[in-house]
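So that the names make sense, note that chain A is the first sequence line, chain B the second, and so on, each numbered from 1.
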Amino acid sequence: MTAPAFLQSADADTSYAPPKTTKGRVEVRGFGLTYDTADGATDAVSSVDLTVEPGEFVSIIGPSGCGKSTLLNALAGFLKPTRGVVTVDGEPITGPSADRGMIFQQYSLFPWKTVRENVEFGLKMKGMGRSERSRAARTLLGLAGLTPFENHYPDRLSGGMKQRVGIVRALATGPRILLLDEPFGALDAQTRLIMQQILTNMWQRLKISVLFVTHDLDEAIFLSDRIYVMTARPGEIKAEIAVPLPRPRLPAMTMSSEFLALRRGLMSLIREESLKAMGGELTADGLQGLAINLEGQDVFRAL
Amino acid sequence: MQTAAISSSRETPPPAARETTAPAAAPSPPRPAPLLRMARRHRGEIRAVLVGALSVAAFVLAWHLLTTYRVNIYVRFMNVPSPADVLESARTAFATATFFQHVAISCRRILYGFLLAAALAVPLGLLMGRFKLLSEIVFPVSEVLRPIPAIAWVPMAIMLWPTNEQSIVFITFLGSFFPILLNTLHGMATVDPVLVRAARCLGATETATFREVYLPATLPQIFTGLTVGMGVAWVSLIAAEMISGQFGIGYFTWEAYSLVQYSDIALGMLAIGVLGLASSWAIRLVGRLLMPWSAR
Ligand SMILES: Nc1ncnc2c1ncn2[C@@H]1O[C@H](COP(=O)(O)OP(=O)(O)OP(=O)(O)O)[C@@H](O)[C@H]1O
Ligand SMILES: [Mg+2]
């Protein structure tokens, strides 16, 4: 498979080396979160236990509304757990920090900063000098093939480029953990594949722990060491599945029998939960029923 | 006088030069001459300028016809000065320093009143958007004061301030204060929370988030507020000058009416129009310099 040139030039001069991370262990025990809203409390997540070992790539899949974003926001430090504990390297999370980079599903580049200024942002917050951070940002942008766009404002970039810049920006500060919330959800299939390779490449290079939320089974299998499957809201961990596929993973592997077997297993797990998530009234049999031929009939009478 | 002459003589030649050289240069080289290419690239702008010039010309022509034939169809144009009358009175006015003194005084009042309003309303709006308590304290008072037109403050302002000059600046300030405050508040309320979170995840402190996210994200709205505020500042200033002034372009216009110098009325009005236009242009220019990302 032909990877983009910038992915293969792994031995390009890397004058910028983020601090070596030997840690980055995420531990979630008995995590539960209840939103207090005007019309009562909403249980978003009931009880989640999960672990991400240092340097591990872990995905979470689950039906819409099961609390994946809620969990990730708690890990980032934006939400306080209602129940349970969330720790990083043994320390409870008290608020957001550059130790835990986050990529949001919505594009989140600062529109008033150029691509390079966006990447520099975290370094600036760390108090790094102007010339030093500009050099670091250039190196990282070069690795991601974004050098030609360093002086562009984000509104001139494509969606894929924006997320690429977002990833580079989150990695620039050398976080121990990267949290990604359906980062490629809005991208087309081809761009998505390339982005997955870029992410894998960066992850291996930087040896950080990754927690990746997605609803795309292939994406989860292709990227992860382990996958957690969540139940419908209020979310719990339904299953934990190891992905023993060798690395480096190539797009051709998505056709292999191991891959397809994993996919089938995950598919049946997810399917039950997705049906539950859609109100509990839909069952597999009900879906079959939806397929009956109503052609030429008055729908209301048929129902 | 001098500035007007210089700017007008500097403005006119380029279009004329373009029109005369472009057709001559076009046939000889194989690819379009630079001037022609430039003309093509800026086609939209050139058209806008031409249409604008035509529309102004049509307005002046209509004015000319209505006044020279002293049209009287319910609206009476008998006493309205014609464009030629106004030109004549402009010539006499520009020859003396008095007219320019009036203009300068009005500009100074606008500058003081408007800058003061911006200097108070923008930070206040930013802080109110950030700190709920402050907003809860200030908002009720501002909601009560806001609907009062600045002109209604004239008697109160005269009582409040020791000099006439200060009360006029105060009224100008009041006029622009609320539009700037409200727009800044609105801008703060619509800052994308994802951008705030992104900044916090990248290690931004509370103050850094304010400076690096809230402020730039609100800037477009602030400038909307400044533009609106500038407009209201002129409205308030002219009204205040007409009622209680001794100087200023508003006073000049009102005095012209009292002295039955009708062409000076139109001259004063035109001067107000030009000054208002120039000041909103100035704000737009500053906005474009401060917000290069939204330049288009
Ligand atoms: N701020 C909030 N206030 C109240 N309820 C909320 C809030 N945010 C989320 N919820 C509810 O909590 C549940 C979980 O939401 P969450 O966004 O975590 O789901 P998700 O798994 O990320 O879904 P999706 O895959 O659609 O992004 C949902 O039922 C949602 O309606
Ligand atoms: Mg979500």
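Side-chain contact between Phe78(A) and Cys201(B) is present, with heavy atoms from C-beta onward closer than 4.5 Å.
Only the side chain of Asn73(A) comes within contact range of chain B, judged by heavy atoms closer than 4.5 Å. Looking at Leu179(A), neither its backbone nor its side chain comes within 4.5 Å of chain B, counting heavy atoms on both sides.
Here CD of Glu212(B) is found 8.0 Å from CZ of Phe110(A). Values are rounded to the nearest 0.5 Å.
Per-residue counts of heavy-atom pairs under 4.5 Å with chain B were compared for Pro154(A), Gly166(A), Gly122(A), Ala98(A); the largest is that of Ala98(A). The candidate with the highest count of non-hydrogen atom pairs below 4.5 Å against chain B, out of Ala170(A), Ser108(A), Gly77(A), is Ser108(A). Chain B forms more heavy-atom pairs under 4.5 Å with one residue of Pro96(A), Ala76(A), Gly101(A) than with any other, namely Pro96(A).
Near-neighbour residues of residues 129-141 of chain B relative to chain A, defined by a heavy atom under 4.5 Å from a heavy atom of that chain, are none. Contacts of residues 173-200 of chain B with chain A at a heavy-atom distance below 4.5 Å involve Val194(B), Leu195(B), Arg197(B), Ala198(B), Ala199(B), Arg200(B), listed in sequence order.
Taking a 6.0 Å sphere around CD of Glu143(B), one finds it holds more than 12 heavy atoms contributed by other residues, nucleotides or ligands. In Tyr112(B), the OH atom is not crowded: 12 or fewer heavy atoms of neighbouring residues, nucleotides or ligands sit closer than 6.0 Å.
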